[in-house]
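Worksheet: one structure, shown below.
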Amino acid sequence: MPELAKAYEPSPVEEKLYAAWLDSNCYHASPESTKPAYSIVIPPPNVTGVLTMGHVLNNTIQDILCRKARLDGHEVLWLPGTDHAGLATQTAVEKALRKPDELPPRVREVLESLDHVWDRTQNKPKLALNRHNIGREALLKLIWAWTKDRGGIIIQQLKKLGCSCDWERERFTMDPAYHQAVQEAFVNLYHKGYIYRGNRMVNWCPASLTAISDEEVISTPQKGKLFTMRYEVQERPGVFLEIATTRPETLMGDTAVAVNPRDPRYQSYIGQHVLRPFPPASIPIVADEHVDFEFGTGVLKVTPAHDKADFEIGQRHNLPIIDVLTPDGKINCPAVPELHGLDRFEARKKSVEMLQALELLVKEEPYDNNVGFSERGQVPIEPRLSEQWFLDYRKMLGGTMIEEALKAVREQVIRFYPERWEKVYNHWLENIQDWCLSRQVFWGHRIPVWYRNGQTKAQRESPGAEWIQDEDSMDTWASSWLWAYATMDEPTRKKFYPTNALVTGPDIIFLWVARMIIAGLEFNPAQSAADPGSRNYLEANRAFKDVYFTGLIRDKQGRKMSKSLGNSPDPLALISKFGADGIRFGLMRIAPQGQDIRFDEKQVEEGRNFCNKLWNACRFRTMHGEIDPLADPSQHKLSPFAEHILQTLDAVITKIDAGFKNYEFSLIASTLYEFVWDDLCARYLETAKADFQNPDSPTRAGTLATFDYVLNKVLRLLHPYTPFLTEELWLELGFSKETIQFQPWPTVSHFTFSNAGPQLARDLYATVDTSRRLRGEFLIALNKKVAFKLKTPHPITNDELSVLSSLINAESLELVSEAPAKTPMLFSPLGDLYLPLDGLIDLAQEKIRLEKEILKAQTDLDREQKKISNEKMCANAPAEKVLEWKQLAQEAQEKLTNLQSQLSQL
RNA sequence: GCAGCCUUAGCUCAGUGGUAGAGCAUUACCUUGACACGGUAGGGGCCACAGGUUCGAACCCUGUAGGCUGCACCA
């Protein structure tokens with residue numbers, strides 16, 4: 001038996017084992033396997049990203065599920081990969097290009113090969129390195145080089161965490177096969193008539209110069225100002241209408257003012273005109289229900305080009321649309337030279353000054369409102385009219401998509417954990433808006449639509465030389481919504497689709513989760529012949545059976561983790577300090593279902609300590625002889641402590657099985673923590689020392705066998721959470737020569753023993769809770785009248801024998817003189833106990849203890865008697881409850897009497 | 001405005017009708033023979049507040065307050 005190190009050192013073990021696992025190719029999922037399938041697709045991280053605590057949480061959970069499924073005998077596919085993350089990656093690369101000298105060598109090399117932007121003689125760029133100067137083709141080359149350079153990082157980091165992905169199947173959303181699937185999906189939707197190109201109001205990001213979808217707009221409260229200005233009524237010289245606005249800089253684009261037709265203040269003005277000050281124009285006063293007459297003055301300036309609601313009013317009243325902003329958010333209005341070319345926020349100040357000068361500004365008051373921000377550009381979005389591609393969700397699946405998508409979740413064909421996210425999902429689907437699919441971004445899947453002389457064709461390949469492809473690319477989510485099946489080839493899909501679980505954060509429930517469900521229903525990847533409205537169809541084409549929503553990881557103060565706050569710990573540093581198992585276990589222990597987590601390094605430290613505790617329990621075991629991998633406690637005479645831990649282990653297995661069914665990961669972790677720390681180490685191990693050190697003990701073999709049996713199961717139970725530690729111990733202790741990863745999941749044992757042994761152990765543990773005190777104290781706790789026999793190597797006086805007898809409240813205590821043991825042993829009909837005599841020495845201490853006990857017993861008794869004497873209470877409580885109280889009262893009474901008699905004998 | 005979640009020890013959180021729990025922190029003691037990444041003993045709580053249901057509420061119901069999140073509005 002090898003001597004284990006005094007403390008568990010994770011790093012070398014992790015390195016060694018992970019390499020061995022990869023060598024054995026054990027994570028490769030075979031479609032030909034006859035084992036039942038279990039599959040998960042990873043939520044693909046950004047290809048250029050690095051591991052965050054969020055990834056650690058998310059991927060630990062997936063790894064736990066996959067490892068558990070392997071122990072359950074499944075053929076497991078955990079499919080890894082990365083997302084090209086269109087705009088995000090393009091923005092990152094463009095930013096990096098501003099400092100060409102700091103570029104990674106491979107990217108720099110590509111840059112230097114671009115003759116149109118790189119001056120080789122001077123070794124510097126000829127032009128500013130932005131996407132317009134570089135051009136589509138060259139920028140894509142640079143981004144490809146960038147992704148090749150950075151793309152492997154996060155994958156390597158996931159391996160450090162111990163993730164058991166099928167790395168041979170790593171996918172990237174820009175892989176040729178995946179690209180083809182994305183294009184096919186678009187073309188398919190186009191030909192079904194679900195996709196259209198339209199000139200509509202979109203959310204425009206003036207920093208990234210692209211449209212973004214509603215889901216990517218983040219509304220943020222801003223301290224702004226509400227300006228009230230006045231326009232003169234043309235038909236009534238000298239009469240002014242007061243108008244409230246937060247955006248005076250757009251007034252050049254006003255083509256009407258609107259009032260509510262039911263507003264008595266303004267009814268007589270409807271149909272008349274007001275004079276817009278600059279550029280001067282007469283614009284009509286229209287009546288529109290949209291106007292809230294509580295807000296401001298009840299008069300709304302209508303700027304159809306720069307506000308969604310105003311655009312709709314404009315449509316209703318046939319108003320002209322005057323665009324006064326450039327795509328990058330500057331004023332475009334040569335008629336007003338003071339403002340022309342100014343940034344929109346500078347123009348706001350300037351236009352207020354101009355209104356003031358014309359005496360048209362009535363007042364200016366502070367006003368908090370919510371402003372939509374672009375997630376990527378970190379600037380307020382600008383509603384803007386532009387030509388984009390849209391998907392009309394409502395037409396999908398022959399018009400029944402929304403209904404079916406709701407049904408799938410409502411009828412739990414797809415189950416959400418925790419369930420409450422169903423409401424959020426339902427609400428989104430019920431109020432769904434068309435999806436703006438196109439992006440003015442180079443990096444991504446280009447829209448597969450071609451134009452020639454006013455003709456339009458949607459197909460994957462160019463129809464011919466004169467045809468020109470649409471310039472735009474698709475929203476990155478219009479590629480990742482196919483991730484659950486487009487990552488699989490035909491045989492793989494047959495075996496592993498639908499996937500079993502999706503583990504992700506609720507922040508992308510609309511962006512990704514709901515859309516994956518929709519894609520599954522629409523594209524029928526299972527090639528189901530069933531009617532799309534049928535349950536069979538839903539079951540065959542659900543992207544996943546269960547969705548587990550993790551919480552967000554926050555810092556200790558409850559703030560989101562972010563780079564700018566610098567409150568995001570580096571998971572790799574934590575792994576090297578505390579071990580992958582430490583971070584995994586520590587995090588899982590405090591990550592209840594769907595609750596946000598306040599993260600603190602202490603938790604990881606606890607995880608590490610736990611690993612070390614188990615390590616040392618095993619180390620202790622190895623000091624007492626060879627492990628028997630087939631140990632069967634039922635073949636041996638068992639101490640009460642052995643019987644107790646066997647019984648407890650069964651309860652633990654039952655609890656963990658239920659936990660896995662309900663995705664209660666922190667419950668499972670706590671259960672294992674308590675079992676290992678308290679039951680195994682603090683109690684069983686301490687009591688087992690007696691047997692281990694005493695060759696004469698009749699229960700020694702049973703105690704050893706039980707230890708081996710328990711460890712054997714515990715290692716397997718823990719393996720999903722702490723794969724490295726458990727594998728190392730499994731192999732080192734010699735439970736098997738084979739990896740632990742495919743061993744069967746432990747089941748509840750079928751041992752039968754009378755409850756007396758475990759009960760005796762429980763009594764002892766309850767009174768004398770933890771380890772070392774047991775030596776002297778558990779005797780006191782023995783309150784049962786039993787006939788004991790004592791073997792002891794030490795000389796023992798009759799007085800001592802009688803004190804001992806009274807302490808343990810023995811019916812009788814007989815000293816067995818023949819063949820004295822090497823250590824004292826106490827034999828009882830309930831089990832044999834190791835008996836160090838140290839405990840007898842300090843009787844004074846025991847006396848204090850007894851007094852405490854008596855106090856507690858007295859309170860117990862009082863409480864139970866109070867319950868029993870409450871007639872109303874007894875009349876209404878269930879009969880068995882009342883019986884229980886009486887029993888408890890009786891026991892408390894007995895205990896009290898016992899303790900008192902013990903005290904008097906001390 | 002609508003919806004969801006949260007409020008329990010100094011901190012981070014479990015608990016879900018029947019005696020208030022864990023880890024960390026803290027106090028005292030212990031180099032001890034698996035483990036100082038350890039052990040023993042302690043201190044620390046009107047379970048946010050107010051009503052209600054119940055023999056009994058941290059737990060169920062209603063309301064209030066505070067915090068967080070999402071959606072809508074956002075002139």
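What you see below is based on every heavy atom in this structure, not just the backbone, and it leaves out hydrogens, waters and symmetry mates. Residue numbers begin at 1 in each chain, while the letters A, B, ... track the order of the sequences.
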Pairwise [atom1] distance, [M] and [N] [rounded to whole Å]:
{"N": "G15(B)", "M": "U7(B)", "atom1": "C1'", "result": "15 Å"}
{"N": "U32(B)", "M": "U40(B)", "atom1": "C1'", "result": "11 Å"}
{"N": "C49(B)", "M": "G43(B)", "atom1": "P", "result": "24 Å"}
{"N": "U64(B)", "M": "G38(B)", "atom1": "P", "result": "47 Å"}
{"N": "G51(B)", "M": "G21(B)", "atom1": "C1'", "result": "28 Å"}
{"N": "C13(B)", "M": "C6(B)", "atom1": "C1'", "result": "12 Å"}
{"N": "A58(B)", "M": "G18(B)", "atom1": "P", "result": "10 Å"}
{"N": "A34(B)", "M": "C47(B)", "atom1": "P", "result": "43 Å"}

Indicate, with a heavy-atom threshold strictly under 4.0 Å, whether [X] touches base, sugar-phosphate, or nothing.
{"X": "Asp307(A)", "answer": "sugar-phosphate"}
{"X": "Gln603(A)", "answer": "sugar-phosphate"}
{"X": "Ser670(A)", "answer": "nothing"}
{"X": "Val291(A)", "answer": "base"}

Can you tell me the Watson-Crick or wobble partner of [N], both distances under 3.5 angstrom?
{"N": "C2(B)", "result": "G70(B)"}
{"N": "A65(B)", "result": "U7(B)"}
{"N": "C55(B)", "result": "G18(B)"}
{"N": "A25(B)", "result": "none"}

- Message: When you compare the side chain of Glu289(A) with that of Arg262(A), does any pair of heavy atoms fall below 4.5 Å?
- Response: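 Heavy-atom side-chain distance check passes, below 4.5 Å.
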
- Task: For residues Thr703(A) and Tyr684(A), report the shortest heavy-atom separation together with the two atoms involved.
- Result: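 So the two residues come closest at O-OH, 2.7 Å.
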
[X] [atom1] to [N] [atom2]: how many Å, rounded?
{"X": "His624(A)", "N": "G33(B)", "atom1": "NE2", "atom2": "P", "value": "12 Å"}
{"X": "Asn612(A)", "N": "A34(B)", "atom1": "CG", "atom2": "C1'", "value": "10 Å"}
{"X": "Asn426(A)", "N": "C2(B)", "atom1": "CG", "atom2": "P", "value": "20 Å"}
{"X": "Ile509(A)", "N": "C5(B)", "atom1": "CD1", "atom2": "C1'", "value": "14 Å"}
{"X": "Leu587(A)", "N": "G23(B)", "atom1": "CG", "atom2": "C1'", "value": "15 Å"}
{"X": "Trp615(A)", "N": "C37(B)", "atom1": "CH2", "atom2": "P", "value": "17 Å"}
{"X": "Leu685(A)", "N": "U32(B)", "atom1": "CG", "atom2": "C1'", "value": "14 Å"}
{"X": "Glu606(A)", "N": "C24(B)", "atom1": "CD", "atom2": "P", "value": "6 Å"}

- Please figure out whether Trp677(A) or Arg619(A) has its closest RNA chain B nucleotide nearer the 5' end.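 Per heavy-atom nearest nucleotide, the more 5' residue is Arg619(A).
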
- RNA chain B: 5'-proximal contact among Leu226(A) and Leu667(A) (nearest heavy atom):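 Here Leu667(A) is the residue nearer the 5' end.
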
- Message: Ring of Trp435(A), cation from Arg515(A) - is the NZ or CZ under 6.0 Å from the centre and inside 45° of the axis?
- Response: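 Arg515(A) over Trp435(A) ring: yes.
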
- Item | Axial cation check for Phe240(A) ring with Arg230(A), 6.0 Å and 45° limits |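 Pair Arg230(A)/Phe240(A) counts as cation-pi.
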
Among [options], which nucleotide has an atom closest to any side-chain atom of [X]?
{"X": "Glu686(A)", "options": "C37(B), A34(B), A25(B)", "result": "A34(B)"}
{"X": "Ser219(A)", "options": "A34(B), C37(B), C73(B)", "result": "C73(B)"}
{"X": "Asn609(A)", "options": "C37(B), A34(B), G4(B)", "result": "C37(B)"}

- Side-chain N,O (Lys423(A)) to OP1/OP2 (A3(B)) below 4.0 Å: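 No, no such contact exists.
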
- Message: With a cut-off of less than 4.0 Å, is there a side-chain N or O of Lys613(A) near OP1 or OP2 of C35(B)?
- Response: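 Result: no.
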
- Message: Between the side chains of Arg344(A) and Glu249(A), is the shortest nitrogen-to-carboxylate-oxygen separation below 4.0 Å, so that they form an ion pair?
- Response: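 Judged by the 4.0 Å cut-off on N to carboxylate O distance, Glu249(A) and Arg344(A) do not form a salt bridge.
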
- Message: Ile381(A) and side-chain contact (heavy atoms from CB on, under 4.5 Å): which single residue from Ile218(A), Val202(A), Val217(A) fits?
- Response: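 Filter result, single survivor: Val217(A).
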
- Would you call the rings of Phe416(A) and Tyr425(A) parallel, tilted or perpendicular if under 30° counts as parallel and over 60° as perpendicular?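 Geometry flag for Tyr425(A) against Phe416(A): perpendicular rings.
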
